[in-house]
J.: 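My questions all concern the structure below.
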Amino acid sequence: MKFTAEQIAGILEGDVVGNPEAEVHTLAKIEEGIDGSLTFLANPKYSPYIYTTKATITIVNRTFEPESELSTTLIKVDDAYKSFSKLLEYYNQVKLMKSGIEQPSVLSDNVEYGEGLYLGSFCYIGKNVKIGNNVKIYPNSFVGDNVTIGDNCILFAGVRVYSETVMGDNCTIHSGAIIGSDGFGYAPNEEGEYHKVPQIGNVILEDNVDVGACTTIDRATLGSTVIKKGVKLDNQIQIAHNVVIGENTVIASQTGIAGSTKIGKSCIIGGQVGIVGHITIGNNVRIQAQSGVSKNLADGETVQGTPSLGYSDFNKSYVHFKNLPKIVADVEDIKQQIKQ
């Protein structure tokens, strides 16, 4: 895809300084700009690069005035960083603007779908599936029976959506994610053998949920595992059966949440956090990376460590832990002095 400076300025409501017909087809950092690339300058410490960049077009703030000759065409805007972000979003939308049903692919009985569907090759859509408008399902994806997918959802290549899953509008599921696999439910018998407990619930993703690559969300034993609107999940996260995650909570990679735990809204959970089952975590909670949470947390708490402590208590304790060899030596010295 190629865009001229004039077209980009129109999208950003900016002004062109230089050649309005200058064309770009790729994006680049200002220090790595090449012919045909678009870049931006927002941070003043990168200003020297604008005089050496080979980028064809550079987005700058309206306040920018060059101190020497430039080879790049400028687009002046109110806020270069926000404008570049807007352009990235627009570029991504254009790049993902696909439609049509590729072959081979399978649509089973009673499938309903709206306008603008893109179904990549080697996809399987099960029975009684309902798909909204402008949904993009990339190649090698599986959608099981009785699934509902809302408007403007994107399922990237290799996504697996098990039966009965309900997905709201504007959800993005990245490659390798599995939505609705069985919860880890087993019951021992008298001989100590474990037998599978049927998992007959489902998963509900509300609107504007993002699920990272290779993340797994298990179906409920009974009822639903619920990911509420605006939740953002990183790659390689495990969410067990009957978990509920509140609105606008964000969770970083390699976190594991055990069954039936309830997490409030607007929480921030770092990477490699482990959370036990059947507890409640309040709203606006902050859990630092690699923490182990084994008890309920009240609204607004910030914790760290395994088992997790209050954040300030953890930091105070860590100071003493680092000094533990010296503290032990001092104690031994005092003991010797007492003996004397």
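Please read these numbers as outputs of a predicted model, since none were measured by experiment.
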J.: Within the side chain of Glu102, is there an N or O that forms a donor-acceptor pair under 3.5 Å with the backbone of Ser121?
T.: yes
J.: What is the minimum heavy-atom distance between Ala252 and Gly271, and which atoms define it?
T.: CB-N, 3.4 Å
J.: If you define the side chain from C-beta out and look only at heavy atoms, does anything of Ile263 sit under 4.5 Å from Ile269?
T.: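 When only atoms from C-beta onward are counted, Ile269 and Ile263 do touch, with a gap below 4.5 Å.
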J.: Give a yes-or-no answer on whether the side chains of Asn128 and Asn146 include a donor-acceptor pair shorter than 3.5 Å.
T.: yes
J.: Are Val166 and Ile227 co-members of a hydrophobic cluster defined by side-chain heavy atoms under 4.5 Å apart?
T.: no
J.: Please name all residues satisfying salt bridge (Lys or Arg N to Asp or Glu O under 4.0 Å) with Asp330, sequence neighbours left out, ordered by chain then number.
T.: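 Checked Asp330 against salt bridge (Lys or Arg N to Asp or Glu O under 4.0 Å); matches are Lys326.
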J.: Is there a path of hydrophobic side-chain contacts, each under 4.5 Å between heavy atoms of I, L, V, M, F, W or Y residues, that connects Phe122 with Val143?
T.: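 Cluster IDs for Phe122 and Val143 differ.
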J.: Would you indicate whether the side-chain heavy atoms of Thr73 and Val17 approach each other to under 4.5 Å?
T.: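 No, too far: nothing below the 4.5 Å cut-off.
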J.: For Ile178 and Tyr162: C-alpha separation, side-chain torsions, deciding distance, then whether side-chain contact (heavy atoms from CB on, under 4.5 Å) applies.
T.: CA-CA 8 Å; Ile178 300 175; Tyr162 282 49; 3.5 Å; yes
J.: Within a reach of under 6.0 Å around NZ of Lys335, are more than 12 heavy atoms found that belong to other residues, nucleotides or ligands?
T.: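 Check fails, neighbour count at 12 or below.
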J.: side-chain contact (heavy atoms from CB on, under 4.5 Å) between Arg219 and Asp182: does it pass, once the steps are laid out?
T.: CA-CA 6 Å; Arg219 69 194 304 115; Asp182 274 4; 3.4 Å; yes
J.: Taking the side chain as everything from C-beta on, heavy atoms only, tell me whether Leu74 gets closer than 4.5 Å to Thr72.
T.: yes
J.: For Lys127, does its backbone N or O pair with a side-chain atom of Asp145 as donor and acceptor, under 3.5 Å?
T.: yes
J.: Does any N or O in the side chain of Asn202 come within less than 3.5 Å of the main-chain N or O of Glu164, such that one atom is a donor and the other an acceptor?
T.: yes
J.: Is there a side chain to side chain donor-acceptor pair (under 3.5 Å) between Gln238 and Asp218? Walk through the geometry before answering.
T.: CA-CA 8 Å; Gln238 160 63 18; Asp218 292 346; 3.0 Å; yes
J.: In this structure, which one of Thr39, Val77, Ile50, Ile75 forms a side-chain contact (heavy atoms from CB on, under 4.5 Å) with Val60?
T.: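 Considering Thr39, Val77, Ile50, Ile75, a side-chain contact (heavy atoms from CB on, under 4.5 Å) with Val60 is found only for Ile50.
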J.: Salt bridge (Lys or Arg N to Asp or Glu O under 4.0 Å): which pairs involve residues 59-80, sequence neighbours left out?
T.: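 Pairs touching residues 59-80 that pass the test: Asp15-Arg62, Arg62-Asp78, Glu65-Lys76.
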J.: Kindly say whether Leu297 contributes a backbone atom to a donor-acceptor pair with the side chain of Thr280 at under 3.5 angstrom?
T.: no
J.: Just how far is it from atom OG of Ser68 to atom CG of Leu70, taken to the nearest 0.5 Å?
T.: 6.5 Å
J.: Side chains of Lys262 and Ile279: closer than 4.5 Å at any heavy-atom pair?
T.: no
J.: Do Ser224 side-chain atoms and Val226 backbone N/O form a donor-acceptor pair below 3.5 Å?
T.: no
J.: Going from CG on Leu119 to CD1 on Ile125, what distance comes out if it is rounded to the nearest 0.5 angstrom?
T.: 5.0 Å
J.: For Phe3 and Tyr90, take the angle between the two ring planes, folded into 0 to 90°, and tell me which bin it lands in: parallel under 30, tilted 30 to 60, perpendicular over 60.
T.: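 Plane angle over 60°, so perpendicular.
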J.: Between the side chain of Ser99 and the main-chain N/O of Leu117, is any donor-acceptor distance below 3.5 Å?
T.: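 The answer is no, because no donor-acceptor pair under 3.5 Å joins these two groups.
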J.: Please say whether more than 12 non-hydrogen atoms of neighbouring residues, nucleotides or ligands are located less than 6.0 Å from OH in Tyr51.
T.: yes
J.: I need the Glu6 CD to Glu23 CD distance, nearest 0.5 Å.
T.: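 Rounded to the nearest 0.5 Å, the CD-CD separation comes out at 11.5 Å.
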J.: Treating Ile, Leu, Val, Met, Phe, Trp and Tyr as nodes and any side-chain heavy-atom pair under 4.5 angstrom as an edge, say whether Val147 and Ile101 lie in one connected cluster.
T.: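 Val147 and Ile101: one cluster.
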J.: Just wondering, do Phe156 and Ile154 contact through their side chains at under 4.5 Å, heavy atoms?
T.: yes
J.: Could you check whether atom CZ of Phe64 has more than 12 heavy atoms from other residues, nucleotides or ligands sitting under 6.0 Å from it?
T.: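 Above 12, so yes.
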J.: Can you tell me if Glu191 uses its side chain to pair, donor with acceptor, with the backbone of Glu193 under 3.5 Å?
T.: no
J.: Determine whether Thr221 and Gln199 satisfy the following criterion, side chain to side chain donor-acceptor pair (under 3.5 Å), listing intermediate values before the conclusion.
T.: CA-CA 4 Å; Thr221 306; Gln199 309 290 294; 3.0 Å; yes
J.: Let me see the working for His195 and Asn189 under side chain to side chain donor-acceptor pair (under 3.5 Å), right down to the final yes or no.
T.: CA-CA 8 Å; His195 292 275; Asn189 62 18; 3.1 Å; yes
J.: Could you report the tightest heavy-atom contact between Ile57 and Thr4, atom names first, then the distance?
T.: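 Minimum heavy-atom contact is CD1-C, 4.3 Å.
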J.: Is Thr261 reaching over with its side chain to a backbone N or O of His278, donor-acceptor style, under 3.5 angstrom?
T.: yes
J.: Minimum heavy-atom separation for Cys171 to Asn208, with atom names?
T.: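 Closest pair (atom of Cys171, atom of Asn208, distance): SG-N, 4.1 Å.
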J.: Please report the shortest heavy-atom distance between Gln290 and Thr306, naming the atom on each side.
T.: O-OG1, 3.3 Å
J.: Taking all heavy atoms of Met167 and all of Val161, pick out the closest pair and write down the distance.
T.: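 That closest heavy-atom pairing would be CE-CG2, 4.3 Å.
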J.: Yes or no on side-chain contact (heavy atoms from CB on, under 4.5 Å) for Ile275 and Ile287, after CA distance, side-chain angles and deciding distance?
T.: CA-CA 10 Å; Ile275 301 175; Ile287 303 175; 4.3 Å; yes
J.: Are Val331 and Ile338 joined in one hydrophobic group, where the rule is that I, L, V, M, F, W and Y side chains link up if heavy atoms are under 4.5 Å apart?
T.: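 No; tracing contacts between hydrophobic side chains, which count when under 4.5 Å, never links both residues.
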J.: Once ring pair (Phe, Tyr, Trp, His ring centres under 6.0 Å) is applied, do any residues pair with Tyr124, and if so which ones, sequence neighbours excluded?
T.: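 For Tyr124, the residues satisfying ring pair (Phe, Tyr, Trp, His ring centres under 6.0 Å) (neighbours in sequence not counted) are Phe142.
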J.: Quick one: OH on Tyr46 to CG on Asn43, what's the gap to the nearest 0.5 Å?
T.: 6.5 Å
J.: First locate atom CD1 of Ile245, then atom CD1 of Ile251, and finally report the distance between them rounded to the nearest 0.5 Å.
T.: 4.0 Å
J.: Taking Ile149's backbone N and O only, do any of them form a donor-acceptor pair with Lys130's side chain (distance below 3.5 Å, no angle check)?
T.: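 Such a contact is absent between Lys130 side chain and Ile149 backbone.
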J.: Would you mind reporting whether Leu155 and Tyr138 have side-chain heavy atoms less than 4.5 Å apart?
T.: no
J.: What is the minimum heavy-atom distance between Thr302 and Gln288, and which atoms define it?
T.: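 Minimum heavy-atom contact is CG2-NE2, 3.5 Å.
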J.: Indicate if Ile30 and Ile8 have the same hydrophobic cluster label, given that clusters are the connected sets of ILVMFWY residues with side-chain heavy-atom separations under 4.5 angstrom.
T.: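 Not linked; separate clusters.
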J.: What I want to find out is whether Lys86 reaches Glu89 closely enough, with some N-O distance under 4.0 Å, to be called a salt bridge.
T.: no
J.: NZ of Lys232: more than 12 outside heavy atoms within 6.0 angstrom?
T.: yes
J.: Hey, does Thr56 have a side-chain heavy atom less than 4.5 Å from the side chain of Asp35?
T.: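 With C-beta onward as the side chain, the pair touches.
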J.: Contact between Asp299 and Val285 at the side-chain level, heavy atoms closer than 4.5 Å - yes or no?
T.: no
J.: Within this structure, what is the OG1-CG distance for the pair Thr53 and Leu41, rounded to the nearest 0.5 Å?
T.: 10.0 Å
J.: Where the side chain of Asp207 meets the backbone of Asp169, is there a donor-acceptor pair that is under 3.5 Å apart?
T.: yes
J.: Under the 6.0 Å and 45° cation-pi test, does Lys196 pair with Tyr186?
T.: yes
J.: Please evaluate residues Ile179 and Val211 with respect to the criterion side-chain contact (heavy atoms from CB on, under 4.5 Å), reporting the C-alpha separation (whole Å), side-chain torsions for both, the decisive distance (0.1 Å), and the verdict.
T.: CA-CA 9 Å; Ile179 313 298; Val211 178; 4.1 Å; yes
